[in-house]
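A short worksheet on the structure shown next.
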Amino acid sequence: QVQLVESGGGQVQAGGSLRLSCAASGRTFSPYAMGWFRQAPGKEREFVATIRWSSNSTRYEESVKGRFTISRDNAKNTLYLQMNSLKPEDTAVYYCAADQTSTSTLQTSRWTYDYWGQGTQVTVSS
């Protein structure tokens, strides 16, 4: 069993920055990849970014490219999302997720991910 706990959300003005963290625990934690998703009120949960656990391969949703950076610290079993130049449309609950089963391609579909955190709220005011 894997547990994921996000932290670092909050309220910030447009143009500001936040850094989200996701601490993973479990007896044998070795995912293929980990990702960040977000869900705004009344909208579907959408992909934000993903990173392979064993390399620096990453994928980003188009609207966050150049503003968000995903990274991980394998020794700490922790995933990060550095968010800069935040916009009001980035307001959402942000979730981290672990993909334990893929083998060759970074996935952007939420249905691919096996474990989820409880989410952390990010609010960007204009």
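Worth saying up front: this structure is predicted, and the values here are computed from it rather than measured.
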Is there a side-chain contact between [X] and [Y] in this structure, where contact means two heavy atoms from C-beta onward sitting under 4.5 Å apart?
X	Y	value
Gln121	Thr91	yes
Gln100	Tyr115	yes
Met34	Ile70	no
Ser7	Thr120	no
Glu61	Arg38	yes
Ser102	Thr112	yes

Looking only at non-hydrogen atoms, find the nearest pair between [X] and [Y] and report the distance.
X	Y	value
Ala92	Ala40	CB-N, 3.8 Å
Val93	Gly119	CG1-CA, 3.8 Å
Ala14	Ser126	CB-CA, 4.3 Å
Ser21	Thr78	CB-CG2, 4.4 Å

Nearest 0.5 Å, please: how far is [atom2] in [Y] from [atom1] in [X]?
X	Y	atom1	atom2	answer
Asp90	Ser63	CG	OG	6.5 Å
Leu79	Cys96	CG	SG	6.0 Å
Ser71	Asn56	OG	CG	9.5 Å
Tyr32	Thr101	OH	OG1	10.5 Å

Quick check on the hydrophobic clustering: are [X] and [Y] connected, directly or via other members, by side-chain heavy-atom contacts under 4.5 Å?
X	Y	result
Ile51	Phe29	yes
Tyr60	Leu18	yes
Phe47	Tyr95	yes
Val124	Val48	yes
Trp36	Phe68	yes

Margin query: Check Glu46 with Arg110, please: is the shortest side-chain N to carboxylate O separation under 4.0 Å?
Written below: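 So Arg110 does not pair with Glu46 through a salt bridge.
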Margin query: Run Ser125 and Gln13 through side-chain hydrogen bond (donor to acceptor under 3.5 Å, both in side chains) and show every step you take.
Written below: CA-CA 5 Å; Ser125 57; Gln13 289 194 323; 4.8 Å; no
Checklist line | Working for side chain to side chain contact (heavy atoms under 4.5 Å, CB included), residues Glu6 and Tyr94 | finding: CA-CA 8 Å; Glu6 302 98 334; Tyr94 282 70; over 6 Å; no
Next item on the list: Would you please indicate if the ring centroids of Phe37 and Trp116 are separated by under 6.0 Å?
Entry: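 Yes.
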Note to self: Show, in sequence, the C-alpha distance, side-chain angles and deciding distance for Arg52 and Arg59, and conclude whether the side chain to side chain contact (heavy atoms under 4.5 Å, CB included) test is met.
What the structure shows: CA-CA 9 Å; Arg52 275 199 65 177; Arg59 288 183 71 177; over 6 Å; no
Next item on the list: Begin with the C-alpha distance, continue with both residues' side-chain angles, and end with the deciding distance and a verdict on side chain to side chain contact (heavy atoms under 4.5 Å, CB included) for Asp99 and Asp114.
Entry: CA-CA 5 Å; Asp99 176 1; Asp114 308 288; 3.9 Å; yes
Next item on the list: Give the C-alpha distance, both sets of side-chain angles, the deciding distance and a yes or no for side-chain hydrogen bond (donor to acceptor under 3.5 Å, both in side chains) between Tyr113 and Thr50.
Entry: CA-CA 11 Å; Tyr113 289 76; Thr50 184; 2.9 Å; yes
Checklist line | Cationic tip of Arg72 above Tyr80 ring, under 6.0 Å, 45° of axis | finding: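 No, a cation-pi geometry is absent between Arg72 and Tyr80.
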Next item on the list: Report the C-alpha separation of Leu81 and Thr69 in whole Å, then their side-chain angles, then the decisive distance to 0.1 Å, and conclude whether the side chain to side chain contact (heavy atoms under 4.5 Å, CB included) test is met.
Entry: CA-CA 6 Å; Leu81 186 68; Thr69 303; over 6 Å; no
Check: Yes or no on side-chain hydrogen bond (donor to acceptor under 3.5 Å, both in side chains) for Ser109 and Gln107, after CA distance, side-chain angles and deciding distance?
Finding: CA-CA 6 Å; Ser109 168; Gln107 302 293 328; over 6 Å; no
Note to self: Between Gln39 and Lys43 (side chain of the first, backbone of the second, donor and acceptor by atom type, cut-off under 3.5 Å), is there such a pair?
What the structure shows: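 Yes; at least one donor-acceptor contact below 3.5 Å.
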Next item on the list: Begin from the C-alpha positions of Asn84 and Ser17 and carry the test side-chain hydrogen bond (donor to acceptor under 3.5 Å, both in side chains) through to its verdict.
Entry: CA-CA 4 Å; Asn84 299 328; Ser17 298; 2.9 Å; yes
